[in-house]
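What follows is one structure encoded as structure tokens, with my remarks underneath.
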Amino acid sequence: MNSLIIAAPTALATLGAIAYGAAHPRSQLFGRTIYRTNSPRKLAITFDDGPNPAITPKLLDLLDRYNAKATFFLIGRYVRECPELVQETVARGHEVGNHTELHPNLLWQNPTKVRVELRLCHDAIRGAIGTPPKWFRPPFGMRNPWVIPAARELGCRTVMWTLLPGDWQEKPPEWLIPRMQPIAEHAQRNLGNGSNAVAARMGDVICLHDGAHRELNGDRSRTIAALEHWLPRWRDLGLEFVTIGEAVSTPAR
Ligand SMILES: [Zn+2]
């Protein structure tokens, strides 16, 4: 029998498994990650690709209105350009994490390049706020076997998500708002009086963007508009808006 006939499906299955391990937000193949909170009551709102002087200050004001704490995954080169904005973000009760120096797809990087990308952003954040970050999120969510160990070397846990609504796309809030609906559906199902409430022990991590990795001052006004819609509704459903630290370490309720 032609061995290719046997080998081809096996190779395809292996490729499929690797693709899943590299890209799927809940995959643990290349190392353990955080991708949900420890209570259905807790929603962790996270923002990538900042700091962004055009958007982040408005977002901080919006979050304050709802007593919402969030986690910002920062690009190192933007941190060096806007250290005061990072200081203000932390001063207002939010957490910040490492999102690499230049936002490459780490899937294709060798171990040395991965380490340098993480180390430069780590140093930029420590330089801006005086303490190193505890969280890391890979650009595009892409991992290879050395990404999560490199984060761990820097004392960081890797954070993924349960919901990625796609707010980087140039589409109006009317498109984005329904794509954030699953958060409300989960809250209605898990915080209501129904029997399902007992079963749910985990809450969502939503991945949004206050910055744009290609340019500083990218337009993320649609993300703000969508949050203006959802924050009061999520609050009325009983959700609390927590940082990743609160999402995983304070006792679940
Ligand atoms: Zn990013």
Side-chain angles (χ1 to χ4, degrees), residues 19 21-27 30-31 33-35 44-56 58-60 63 70-83 85-86 89 94-109 113-125 128 133-144 146-148 150-151 154 156-171 176 179-180 204-224 226-227 243-244 247:
H24 194 279
R26 294 193 288 281
S27 158
F30 292 139
T33 65
I34 296 165
Y35 60 89
I45 307 175
T46 66
F47 299 98
D48 292 1
D49 298 355
N52 180 357
I55 294 293
T56 313
K58 294 177 196 162
L59 186 55
L60 294 177
L63 292 172
T71 307
F72 292 77
F73 290 92
L74 307 176
I75 294 178
R77 68 180 170 122
Y78 296 162
V79 173
R80 292 169 210 280
E81 290 194 54
C82 321
L85 188 47
V86 181
T89 300
H94 306 290
E95 292 184 337
V96 295
N98 185 330
H99 196 45
T100 73
E101 178 70 9
L102 300 174
H103 205 278
N105 183 341
L106 295 178
L107 184 61
W108 312 112
Q109 310 290 336
K113 182 74 196 300
V114 167
R115 277 211 194 89
V116 168
E117 274 291 331
L118 270 65
R119 165 62 72 180
L120 287 172
C121 182
H122 186 85
D123 290 348
I125 292 173
K134 288 195 286 190
W135 318 113
F136 164 73
R137 174 172 283 157
F140 313 105
M142 286 297 185
R143 290 145 286 163
N144 64 24
W146 26 92
V147 168
I148 293 173
L154 294 170
C156 290
R157 293 179 70 187
T158 298
V159 180
M160 302 296 288
W161 54 78
T162 55
L163 187 69
L164 182 71
D167 63 331
W168 63 85
Q169 298 191 44
E170 307 253 328
K171 297 196 172 155
L176 180 57
R179 293 175 66 91
M180 295 159 72
D204 281 299
V205 177
I206 185 170
C207 176
L208 296 168
H209 294 75
D210 64 329
H213 69 89
R214 292 182 206 283
E215 55 175 357
L216 202 60
N217 292 309
D219 179 15
R220 293 287 182 240
S221 53
R222 294 171 290 267
T223 300
I224 291 191
L227 279 174
T243 63
I244 291 297

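Model, not experiment: these values are computed from the prediction. Order of appearance sets the numbers: ligands from 1, and atoms from 1 within every ligand.
When the side-chain contact (heavy atoms from CB on, under 4.5 Å) test is applied to Trp161, the partners found at least two apart in sequence or on another chain are Pro25, Arg137, Leu164, Val205, Cys207. Annotation: salt bridge (charged side-chain N to carboxylate O under 4.0 Å, His left out) contacts of Arg115 (sequence neighbours excluded): Glu153. Partners of His122 under the ring-ring contact (aromatic ring centres under 6.0 Å, His included) rule, at least two apart in sequence or in another chain, do not exist in this structure.
Taking the six-membered ring for Trp, His24 and Phe30 have ring centres at least 6.0 Å apart.
By the neighbour-count criterion of 12 heavy atoms within 6.0 Å, atom CD of Gln169 is densely surrounded, having more than that number from other residues, nucleotides or ligands.
Protein contacts to the Zn ion (ligand 1) involving N, O or S atoms at a distance below 2.8 Å are Asp49 OD1, His99 NE2, His103 NE2.
When each of Arg77, Arg119, Arg80 is paired with Glu101, the salt bridge (Lys or Arg N to Asp or Glu O under 4.0 Å) condition holds for Arg80 and for no other.
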